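Hydrogens, waters and symmetry mates play no part in the numbers below; they use all other heavy atoms, side chains included. Keep in mind that this is a model prediction, so the values were computed, not measured. We're numbering straight along the sequence, starting at 1.
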Amino acid sequence: MTIFLKCLTALRPLALSLPLALMAALPAKAEYMGGGYLSDAYGCEASGWPAGTEMVRARLNARQQGGWTSELVLNFAVGGSNTYRFRGDVTRAPRWHRVEGAVVWGRFYDLGGRTQIRILSVDLAPYTGGAISEHSPTIRLRARIRNFNGIQGCAVTATLMLNTWDQPGS
């Protein structure tokens with residue numbers, strides 16, 4: 001029994017350091033949740049939608065600082081359930097990116113590759129610009145969505161406030 005206890009005592013530093021080493025190998029990331037609103041509709045009038053400012057919920061898995069792909073998910077309910085998913089760097093850029101999207105409005109509609117998003121701005125509170133890091137507790141994100149809700153030529157702006165939820169003290 002004493003040999004067994006000596007072996008356990010000798011392995012204790014390894015048992016304590018292995019989880020820390022594995023955690024250090026994980027990519028840097030931050031998880032954000034929050035919401036905001038959709039506004040500034042353009043080219044949607046013929047469809048009669050959206051009719052003003054609409055609430056939106058959002059979740060951001062910001063993994064880009066670790067060299068991985070970030071994911072932004074928008075969800076809103078206006079007459080049905082709408083979900084958009086953007087995978088890529090969440091940084092201000094002049095180019096448009098494809099969005100995966102689906103709408104449940106009486107039945108399921110896949111938006112295909114028609115809907116696109118462009119990140120207009122990413123600001124760290126107190127809105128000084130900058131890049132997202134795992135130490136950023138609050139960010140404001142603005143994005144333009146075109147061919148919104150699958151409507152050709154319809155565009156809206158999403159303005160979001162997102163807070164970390166997986167960090168200690170958040």
Side-chain angles (χ1 to χ4, degrees), residues 27-134 136-166 170:
K29 66 179 182 111
E31 296 276 342
Y32 293 89
M33 291 181 71
Y37 58 93
L38 301 173
S39 63
D40 304 325
Y42 176 81
C44 313
E45 300 82 12
S47 300
W49 196 85
T53 302
E54 303 290 346
M55 182 181 80
V56 63
R57 292 179 184 90
R59 181 172 181 268
L60 171 63
N61 180 354
R63 296 173 46 134
Q64 64 210 35
Q65 65 267 17
W68 297 75
T69 302
S70 294
E71 179 180 71
L72 174 65
V73 177
L74 303 177
N75 183 277
F76 51 96
V78 179
S81 176
N82 301 263
T83 303
Y84 295 163
R85 184 177 120 181
F86 163 64
R87 296 185 52 139
D89 286 349
V90 182
T91 56
R92 182 178 178 190
R95 69 179 264 240
W96 292 90
H97 303 277
R98 184 178 167 274
V99 173
E100 297 171 23
V103 177
V104 177
W105 201 332
R107 70 179 184 93
F108 180 82
Y109 298 92
D110 183 358
L111 295 177
R114 295 183 305 256
T115 302
Q116 298 178 322
I117 192 170
R118 181 168 62 102
I119 306 298
L120 300 175
S121 65
V122 178
D123 296 312
L124 308 178
Y127 317 121
T128 57
I132 299 171
S133 79
E134 65 269 24
S136 306
T138 303
I139 60 171
R140 179 179 62 181
L141 187 145
R142 292 181 57 246
R144 190 76 176 157
I145 303 169
R146 73 177 173 191
N147 299 330
F148 177 72
N149 206 33
I151 304 167
Q152 189 69 31
C154 175
V156 299
T157 299
T159 303
L160 309 170
M161 285 299 297
L162 304 167
N163 295 299
T164 56
W165 65 272
D166 68 339
S170 60

Novice: Find the distance between OH (Tyr37) and OG1 (Thr53) and round it off to the nearest 0.5 Å.
Specialist: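 Atom-to-atom, Tyr37:OH and Thr53:OG1 are 7.5 Å apart.
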Novice: Any side-chain heavy-atom pair from Ile145 and Trp96 closer than 4.5 angstrom?
Specialist: no
Novice: With the side chain counted from C-beta on, respond yes when Val104 and Asn82 share a heavy-atom pair under 4.5 Å apart, and no when they do not.
Specialist: no
Novice: In sequence, state the C-alpha distance, the side-chain angles, and the governing distance for Gln116 and Arg146, and then conclude on side chain to side chain donor-acceptor pair (under 3.5 Å).
Specialist: CA-CA 5 Å; Gln116 298 178 322; Arg146 73 177 173 191; 2.6 Å; yes
Novice: Out of curiosity, Arg57 CZ to Leu162 CG, how far, rounded to the nearest 0.5 Å?
Specialist: 13.5 Å
Novice: Measure the spacing between CZ of Arg142 and CD1 of Ile119 and express it to the nearest 0.5 Å.
Specialist: 11.0 Å
Novice: Mind checking whether Glu31 and Arg59 have side chains closer than 4.5 Å, heavy atoms only?
Specialist: yes
Novice: Side-chain contact, heavy-atom cut-off 4.5 Å: Ser121 with Leu141?
Specialist: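 The answer is no; the side chains never approach within 4.5 Å.
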Novice: Within this structure, what is the CG-CZ distance for the pair Leu111 and Arg98, rounded to the nearest 0.5 Å?
Specialist: 10.0 Å
Novice: Under 6.0 Å from the CZ atom of Arg92, do we count more than 12 heavy atoms belonging to anything else shown?
Specialist: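 No, not enclosed.
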Novice: Using every non-hydrogen atom in the two residues, find where Gly101 and Asp110 come nearest and quote the distance to one decimal.
Specialist: O-OD1, 3.2 Å
Novice: Do you know the tightest heavy-atom contact between Val73 and Arg85?
Specialist: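 Here Val73 and Arg85 meet closest at CG2-CG, 4.1 Å.
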Novice: Cut-off 3.5 Å, side chains only: do Asn147 and Thr115 have a donor facing an acceptor?
Specialist: no
Novice: If I compare all heavy atoms of Cys44 with all of Ala155, which pair ends up nearest, and what's the gap?
Specialist: SG-N, 3.7 Å
Novice: Once the angle between the rings of Phe76 and Phe148 is folded into 0 to 90°, is it parallel (under 30°), tilted (30 to 60°) or perpendicular (over 60°)?
Specialist: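 Taking Phe148 first and then Phe76, their aromatic rings lie parallel (interplane angle under 30°).
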Novice: Do the side chains of Val156 and Asp40 get nearer than 4.5 Å, heavy atoms only?
Specialist: no
Novice: Between Val103 and Asn149, is any pair of side-chain heavy atoms under 4.5 Å apart?
Specialist: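 Side chain of Val103 against side chain of Asn149, heavy atoms only: contact under 4.5 Å found.
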Novice: Checking side-chain contact (heavy atoms from CB on, under 4.5 Å) for the pair Val56/Leu160: CA distance, chi angles, key distance, verdict?
Specialist: CA-CA 8 Å; Val56 63; Leu160 309 170; 3.5 Å; yes
Novice: Looking only at non-hydrogen atoms, find the nearest pair between His97 and Phe86 and report the distance.
Specialist: CB-CE1, 3.2 Å
Novice: Considering non-hydrogen atoms only, spot the tightest contact between Thr69 and Gly88 and give its length.
Specialist: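 For Thr69 and Gly88, the tightest heavy-atom pair comes out as CG2-N, 3.6 Å.
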Novice: What is the minimum heavy-atom distance between Leu38 and Ala158, and which atoms define it?
Specialist: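 Leu38 and Ala158 have their closest heavy atoms at CD2-CB, 3.6 Å.
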Novice: How far does CG of Leu60 sit from OH of Tyr32, to the nearest 0.5 angstrom?
Specialist: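 So the CG of Leu60 and the OH of Tyr32 are separated by 7.5 Å.
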Novice: Out of curiosity, Asn163 CG to Met33 CE, how far, rounded to the nearest 0.5 Å?
Specialist: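 The CG atom of Asn163 sits 10.5 Å away from the CE atom of Met33.
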Novice: Taking the side chain as C-beta and beyond, is there a heavy-atom pair between Val90 and Val122 under 4.5 Å?
Specialist: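 Side chain of Val90 against side chain of Val122, heavy atoms only: contact under 4.5 Å found.
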Novice: Indicate yes or no: at least one non-hydrogen side-chain atom of Leu72 is less than 4.5 angstrom from one of Arg87.
Specialist: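 In short, these two side chains do not touch, never coming nearer than 4.5 Å.
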